[in-house]
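To start, the structure itself, in structure tokens.
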Amino acid sequence: MALDELKSAVPDYAKDLKLNLGSVIGNSDLPQQQLWGTVLACAIASRSPKVLRELEPEAKANLSAEAYAAAKSAAAIMAMNNVFYRTRHLLSDPEYGNLRAGLRMNVIGNPGVDKVDFELWSLAVSAINGCGMCLDSHEQVLRKAGVDRETIQEAVKIASVLQAVGATVDAEAALAE
């Protein structure tokens with residue numbers, strides 16, 4: 001299993017990450033599509049080649065072709081949106097918020113999968129990318145759709161662990177060169 005391979009790459013000093021990796025993926029209560037879509041979108045957002053290489057095959061095996069493409073789309077569109085909306089939020093001039101974005105975001109309206117799943121994946125990627133506006137927006141959509149806080153937190157836990165594992169294994173690889 002690729003998850004075991006990834007866990008074995010985590011050094012001993014980061015044992016908590018290894019344990020958390022096993023629990024947030026291996027013991028998740030999320031339905032398979034939500035789980036593996038979150039894993040794939042977050043693996044992409046982590047920017048860690050090792051994390052993505054190890055987890056993508058299992059994600060692909062557990063997702064329909066449509067869900068696989070939608071999870072990748074969530075990572076892609078949020079890579080753009082998180083920078084754009086985080087910048088709008090951070091600029092002290094509130095007039096930027098009144099300007100038209102002028103960026104295509106059609107996939108958000110028609111992701112090819114259940115809207116709740118896509119919103120959950122977008123929220124998890126936004127957690128990695130640190131966009132408060134996007135986190136609030138996706139969380140509100142999910143809550144209005146009846147998604148409980150525990151489900152949202154589950155996606156954020158996956159995001160945080162994959163980001164930390166990616167940073168750690170990539171640092172170790174760089175130090176080994």
* Asked: Can you list every pair that meets salt bridge (Lys or Arg N to Asp or Glu O under 4.0 Å) and has a residue in residues 86-97, with sequence neighbours left out?
  -> none
* To do: Report yes or no: does Thr168 contribute a side-chain atom to a donor-acceptor pair with the main-chain N or O of Ala164 at less than 3.5 Å?
  => yes
* Given the rule that I, L, V, M, F, W and Y join up when any side-chain heavy atoms are under 4.5 Å apart, are Leu30 and Val141 in one cluster? -> no
* Could you list the residues that satisfy side chain to side chain donor-acceptor pair (under 3.5 Å) with Asn82, not counting sequence neighbours? => Ser126, Asn129
* Structure fact -> For Glu56, the side chain to side chain donor-acceptor pair (under 3.5 Å) test, sequence neighbours excluded, returns Tyr68
* Please examine the side chains of Leu162 and Val24, heavy atoms only from C-beta on, and report whether any two atoms are closer than 4.5 Å. => no
* Structure fact -> Residues passing the side chain to side chain donor-acceptor pair (under 3.5 Å) test with Gln140, sequence neighbours excluded, are none
* To do: Apply side-chain contact (heavy atoms from CB on, under 4.5 Å) to Pro31 and list each qualifying residue two or more places apart in sequence or on a separate chain.
  => Gln34
* Listed by chain and number, what are the side-chain contact (heavy atoms from CB on, under 4.5 Å) partners of Ala159, not counting sequence neighbours? -> Cys42, Ala124, Ala127, Ile128
* Between Ser46 and Ala43, is there a donor-acceptor pair closer than 3.5 Å when you use the side chain of the first and the backbone of the second? -> yes
* Tell me the salt bridge (Lys or Arg N to Asp or Glu O under 4.0 Å) pairs involving residues 117-127, sequence neighbours left out? -> Lys115-Glu119
* side-chain contact (heavy atoms from CB on, under 4.5 Å) partners of Ala74, counting only residues at least two apart -> Phe118, Trp121, Ser122
* Asked: Got a sec: does the NZ of Lys7 have more than 12 other heavy atoms crowding it under 6.0 Å?
  -> yes
* To do: Could you check if a side-chain atom of Asp29 sits within less than 4.5 angstrom of a side-chain atom of Leu35, using non-hydrogen atoms only?
  => no
* Roughly how far, to the nearest 0.5 Å, is the OG1 atom of Thr38 from the CD1 atom of Ile25? -> 10.0 Å
* To do: Answer yes or no: is there a side-chain heavy-atom contact under 4.5 Å between Leu3 and Leu55?
  => yes
* Asked: Quick one: side-chain contact (heavy atoms from CB on, under 4.5 Å) partners of Met105, sequence neighbours excluded?
  -> Ile77, Met80, Asn81, Tyr85, Ala101, Leu103, Ile108
* Asked: Would you call Arg47 and Asp170 a side-chain contact if the rule is heavy atoms closer than 4.5 Å?
  -> no
* Can Leu135 be reached from Val147 by stepping across I, L, V, M, F, W or Y side chains whose heavy atoms are under 4.5 Å apart? -> yes
* State, yes or no, whether a side-chain contact exists between Ile44 and Val125 at a heavy-atom distance under 4.5 Å. => no
* Indicate yes or no: at least one non-hydrogen side-chain atom of His138 is less than 4.5 angstrom from one of Cys134. => yes
* Which residues pass the side chain to side chain donor-acceptor pair (under 3.5 Å) test with Lys50, sequence neighbours left out? -> Glu54
* To do: Kindly give the heavy-atom pair with the smallest separation between Pro57 and Arg53, and that separation in Å.
  => CD-O, 3.2 Å
* Distance from Ser48 atom OG to Gln163 atom CD, nearest 0.5 Å? -> 8.5 Å
* Separation of Gln33 CD from Ser64 OG (nearest 0.5 Å) -> 5.5 Å
* Asked: About how many Å separate CD1 of Ile158 and CG of Leu21, when rounded to the nearest 0.5 Å?
  -> 10.0 Å
* Is there any side chain to side chain donor-acceptor pair (under 3.5 Å) pair reaching into residues 144-157, and which pairs are they, with sequence neighbours excluded? -> Asp148-Thr151
* Structure fact -> Rounding to 0.5 Å, atoms CG (Leu40) and NZ (Lys60) come to a distance of 10.0 Å
* **Glu139 CD to Asp136 CG distance, which is reported to the nearest 0.5 Å** => 7.0 Å
